[in-house]
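All figures in this text were calculated on a predicted structure; none of them were measured in a lab.
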Amino acid sequence: MPGHAPPPLPSAPRAAAPVPGYASSGPRPTLYVIFNGQKMPVNKDEFVIGRGSKSADLPIKDGNISRRHAAVVFQNGGWYMKDLGSTNGIEFNGTRIDTKLIAEGDMIQICDYELRFTYH
């Protein structure tokens, strides 16, 4: 809908610790998501997580998950987890969030599913 664009992602804080293995002038850091015991690389600037097998890079077949539920996006030199306006949202440490800079070992919950992130 016109005029209803999602808010932009926040820029990374200047005092943020650097992402391991990432130099701002070099290639972007490799991020992996661990889901159901499988480790897979986040290999695009917008990696969609959702119910849709054709619209999601990581499909999760569950009626409580939106077709395009959340995305891992690369912006301002860092990887962010972003809710895509889903009904049930995403949580970090038990709190519903919209956007979060992904740190080593972060665990994000989508409904009954846990996704762990690592740069190793």
Qualifying residues under side chain to side chain contact (heavy atoms under 4.5 Å, CB included), relative to Asn64, sequence neighbours excluded: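 Side chain to side chain contact (heavy atoms under 4.5 Å, CB included) list for Asn64, sorted by chain: Asp62, Asn88, Cys111.
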
Atom [atom1] of [X] and atom [atom2] of [Y]: how far apart are they, to the nearest 0.5 Å?
{"X": "Tyr113", "Y": "Asn36", "atom1": "OH", "atom2": "CG", "answer": "8.0 Å"}
{"X": "Gln109", "Y": "Asn93", "atom1": "CD", "atom2": "CG", "answer": "10.5 Å"}
{"X": "Lys100", "Y": "Asp83", "atom1": "NZ", "atom2": "CG", "answer": "15.0 Å"}
{"X": "Phe47", "Y": "Ile49", "atom1": "CZ", "atom2": "CD1", "answer": "6.0 Å"}
{"X": "Leu115", "Y": "Ile110", "atom1": "CG", "atom2": "CD1", "answer": "5.0 Å"}
{"X": "Asn43", "Y": "Asp57", "atom1": "CG", "atom2": "CG", "answer": "7.0 Å"}

Carboxylate-amine/guanidinium proximity below 4.0 Å for Lys82 and Asp98: no

Would you mind reporting whether [Y] and [X] have side-chain heavy atoms less than 4.5 Å apart?
{"X": "Phe117", "Y": "Ile108", "result": "yes"}
{"X": "Leu31", "Y": "Val72", "result": "yes"}
{"X": "Ile102", "Y": "Tyr119", "result": "yes"}

side-chain contact (heavy atoms from CB on, under 4.5 Å) between Thr118 and Glu104, intermediate numbers included: CA-CA 5 Å; Thr118 182; Glu104 173 62 34; 2.8 Å; yes

Side-chain ([X]) to main-chain ([Y]) donor-acceptor, under 3.5 angstrom:
{"X": "His69", "Y": "Gly89", "answer": "yes"}
{"X": "Ser66", "Y": "Arg68", "answer": "no"}
{"X": "Trp79", "Y": "Pro29", "answer": "yes"}

Residues which pass salt bridge (charged side-chain N to carboxylate O under 4.0 Å, His left out) with Lys39, listed by chain and number, not counting sequence neighbours: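 Salt bridge (charged side-chain N to carboxylate O under 4.0 Å, His left out) list for Lys39, sorted by chain: empty.
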
Set of residues satisfying salt bridge (charged side-chain N to carboxylate O under 4.0 Å, His left out) with respect to Arg96, sequence neighbours excluded: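 Per chain and number, Arg96 pairs via salt bridge (charged side-chain N to carboxylate O under 4.0 Å, His left out) with no residue.
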
Closest heavy-atom pair and its distance - Phe92, Met107: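 The answer is CD1-O, 3.3 Å.
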
Where Gly52 and Pro59 come nearest, the two heavy atoms and their spacing: O-CB, 4.1 Å

Pairs where residues 84-94 contributes a residue and the test salt bridge (Lys or Arg N to Asp or Glu O under 4.0 Å) is met, not counting sequence neighbours: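 Sorted pair list comes back empty.
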
Qualifying salt bridge (Lys or Arg N to Asp or Glu O under 4.0 Å) pairs, either residue in residues 108-120, two or more places apart: none

Shared hydrophobic cluster, Val73 / Tyr32 (ILVMFWY, side-chain heavy atoms < 4.5 Å):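 Result: no, two separate clusters.
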
Co-members of Leu84 in a cluster of I, L, V, M, F, W and Y side chains, linked at under 4.5 Å: Val48

